[in-house]
2 protein chains.
Amino acid sequence: MTKNRSKNETKRKQILASATHLFTEQGYASTSMALIAKHADVSKQTVYSHFGSKEELFSAAIEQKCDSSILLDFAQVTLTDPHATLLAIAKRFFAMITSKEALAVHKICAFEAKSYPQLSELFYQAGPERLTAEMAKLLVEFNDKGLLSIENPHFAATQFLHLVKGEAWMRIEFNTQYQLSEQQIDQYISSSVDLFLRGYAPIN
Amino acid sequence: MTKNRSKNETKRKQILASATHLFTEQGYASTSMALIAKHADVSKQTVYSHFGSKEELFSAAIEQKCDSSILLDFAQVTLTDPHATLLAIAKRFFAMITSKEALAVHKICAFEAKSYPQLSELFYQAGPERLTAEMAKLLVEFNDKGLLSIENPHFAATQFLHLVKGEAWMRIEFNTQYQLSEQQIDQYISSSVDLFLRGYAPIN
DNA sequence: AACTAATTAGACTACCTAGTCCATTTTAGG
DNA sequence: CCTAAAATGGACTAGGTAGTCTAATTAGTT
């Protein structure tokens, strides 16, 4: 019955990829539908046939990016001593948040937080909130084993993640002239893990 | 000799104030020169007579904001015990970075960091860098008095400030649905000061 | 009062924007 | 192979943009 020729899924993906790239790179206002079409090697009409409007496309693009580029697999973490575990997590966390993609989506979500609160909410839940929850679970385990003494695991989790993010991430965010070297970043992360462990060391 | 009627300094200030307000509120691309002129109750031509172009006006606006709204007077801090001192600084620091003005200038500098690196550099130096330096000086004093045991005061200063900023600030940045209450913020800040102090407690 | 530069409103250029329309071509399912 | 829908490109509307220009007005300095 349905002689419907279905819309080309490949084209949809091309459009979405181009939109994501351009929106995160240049922002919403500075990115035109014509440019997205050209970049996706597709006609403008096709863009409008897949996504009804610029706003719709923007939402779809950011939502997709929130799903795909804010990942940190805690299952991979092997639980040994707190120091080794936290250091490993810290390094992977830092690598993730300083990836081009994560930086780009962070930037635009923060900037458009007033205009598109549902998108920044989405980002916050997919990113910081989810990670904090996983981190808190981990800290509870250490606490239960008596390896750390943590009263409020959620607070502690956010403190840990913000410590690790800290200075080095901010310099990248602001694209400052003097960026920290890999060695300095390792030192900073290591120093933050140490601070955290001393601050939450079990009382004995 | 100069029969020049000098340009009205009041108008210049009006223009700058309007530009700052609109740029920080809506961003560079979405703010038009016509709107700035109207908002400043001035003709468009006058805007161009005071500031040659949109870019020039943008720079002037952000530069002015960096000077005026990222201030934290450390001289007011009375040095007593570390806990009281750091808690007082933490609270004032947090209040400053969550002010509308500081949030707005932070947002736009981060967003335009790629397009206007000199502006984000300016912000970074006027804000985070200056504060970190002052904080580090303070920590050195505590260290010298044997009240804290800090190896790298610069690291420690950034760690302290990022701990305090942490979760609560991020929720504001992303305009999330559930904001922390004043009480929760106080708890979080207090908990972060405690963590910092335990982590850098002198060894005895 | 006279001179001169600042300021004004508004027209104007040249260009970009989101979104629509339409005639044509491509393509995939039946 | 046929047909219906997808995709195309280009014209088009209606509106916004930065920046220039002009002629008239205002106001400070001498």
Side-chain angles (χ1 to χ4, degrees), chain A residues 1-63 108 111-112 114-116 119, chain B residues 1-63 108 111-112 114-116 119:
Chain A
M1 204 73 342
T2 56
K3 276 183 186 167
N4 286 11
R5 172 189 163 204
S6 61
K7 282 182 194 173
N8 194 336
E9 194 59 28
T10 315
K11 289 200 186 291
R12 189 190 169 85
K13 280 179 190 161
Q14 278 172 27
I15 296 166
L16 210 45
S18 296
T20 307
H21 175 77
L22 292 167
F23 278 138
T24 51
E25 204 68 25
Q26 316 179 339
Y28 182 77
S30 297
T31 302
S32 74
M33 293 297 264
L35 183 62
I36 293 169
K38 192 180 173 187
H39 191 273
D41 203 28
V42 131
S43 78
K44 199 164 67 149
Q45 204 47 244
T46 303
V47 175
Y48 277 98
S49 123
H50 281 268
F51 306 90
S53 69
K54 191 182 181 183
E55 296 215 351
E56 209 175 300
L57 177 54
F58 179 63
S59 296
I62 301 303
E63 282 176 27
I108 196 154
F111 188 75
E112 304 288 356
K114 287 268 152 58
S115 317
Y116 296 88
L119 291 185
Chain B
M1 204 68 347
T2 56
K3 278 184 188 168
N4 285 13
R5 171 187 164 204
S6 62
K7 281 182 194 173
N8 194 335
E9 194 58 28
T10 315
K11 290 202 185 291
R12 189 190 170 85
K13 280 179 189 162
Q14 279 172 27
I15 296 166
L16 210 45
S18 296
T20 307
H21 176 76
L22 293 167
F23 279 139
T24 51
E25 204 68 25
Q26 319 179 338
Y28 182 76
S30 297
T31 301
S32 75
M33 293 297 265
L35 183 61
I36 293 169
K38 193 181 171 186
H39 191 274
D41 202 28
V42 131
S43 78
K44 199 163 69 149
Q45 203 47 245
T46 302
V47 175
Y48 277 98
S49 123
H50 282 270
F51 305 90
S53 68
K54 191 183 180 183
E55 297 217 351
E56 208 175 300
L57 177 53
F58 179 63
S59 297
I62 301 302
E63 282 177 27
I108 196 156
F111 188 77
E112 304 288 357
K114 286 270 153 56
S115 318
Y116 296 89
L119 290 186

Just the rounded figure in Å: distance from [atom2] of [N] to [atom1] of [X].
| X | N | atom1 | atom2 | value |
| --- | --- | --- | --- | --- |
| R12(B) | dA6(C) | CZ | P | 13 Å |
| D41(B) | dA6(C) | CG | P | 20 Å |
| L57(B) | dG19(D) | CG | C1' | 14 Å |
| I15(A) | dA6(D) | CD1 | P | 13 Å |
| H50(A) | dT8(D) | NE2 | C1' | 12 Å |
| I36(B) | dG16(D) | CD1 | P | 17 Å |

| query | Are the ring centres of Y28(A) and Y116(A) closer than 6.0 Å? | reply |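 Between Y28(A) and Y116(A), the centre distance is under 6.0 Å.
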
| Flag, side chain of S49(A) to backbone of Q45(A), donor-acceptor distance under 3.5 Å |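 No, S49(A) side chain to Q45(A) backbone: no donor-acceptor pair under 3.5 Å.
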
| task | For the residue pair F58(B) and T31(B), establish whether any side-chain heavy-atom pair is separated by less than 4.5 Å. | result |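 No, every pair of side-chain atoms sits at 4.5 Å or beyond.
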
| request: Give me the bend of the helix from dA1(C)-dT30(D) to dA28(C)-dT3(D), using the axes of the five pairs at each end, rounded to 10°. | output: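 End-to-end axis angle for the helix from dA1(C)-dT30(D) to dA28(C)-dT3(D): 20°, rounded to 10°.
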
| query | Below 4.0 angstrom from OP1 or OP2 of dA7(D), is there any side-chain N or O of T46(A)? | reply |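 For T46(A), the contact criterion (side-chain N or O under 4.0 Å from OP1 or OP2 of dA7(D)) is not met.
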
| request: Please name the residue in the list Q14(B), K13(B), R12(B) that meets the side chain to side chain contact (heavy atoms under 4.5 Å, CB included) test with T10(B). | output: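 Answer to the side chain to side chain contact (heavy atoms under 4.5 Å, CB included) test with T10(B) among Q14(B), K13(B), R12(B): Q14(B).
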
For residues 33-43 of chain B, which side-chain donor-acceptor pairs fall under 3.5 Å, sequence neighbours excluded?
from   : atom 1 : to     : atom 2 : distance (Å)
H39(B) : ND1    : S18(B) : OG     : 2.8
S43(B) : OG     : T46(B) : N      : 3.2
S43(B) : OG     : T46(B) : OG1    : 2.9

| Nearest atoms (heavy-atom pairs only) where T20(A) meets A61(A) |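 So the minimum-distance heavy-atom pair works out to OG1-CB, 3.5 Å.
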
| At their closest point, which heavy atom of A60(A) faces which heavy atom of F51(A), and how far apart are they? |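 In this case the closest contact between A60(A) and F51(A) is CB-CE2, 3.9 Å.
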
| said: I need the Y48(A) OH to K54(A) NZ distance, nearest 0.5 Å. | reply: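 Reported value, rounded in 0.5 Å steps: 8.5 Å.
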
| Heavy-atom protein contacts under 4.0 Å, nucleotides 10-25 of chain C, coded B base, S sugar-phosphate only, - none | -------SSBBB----

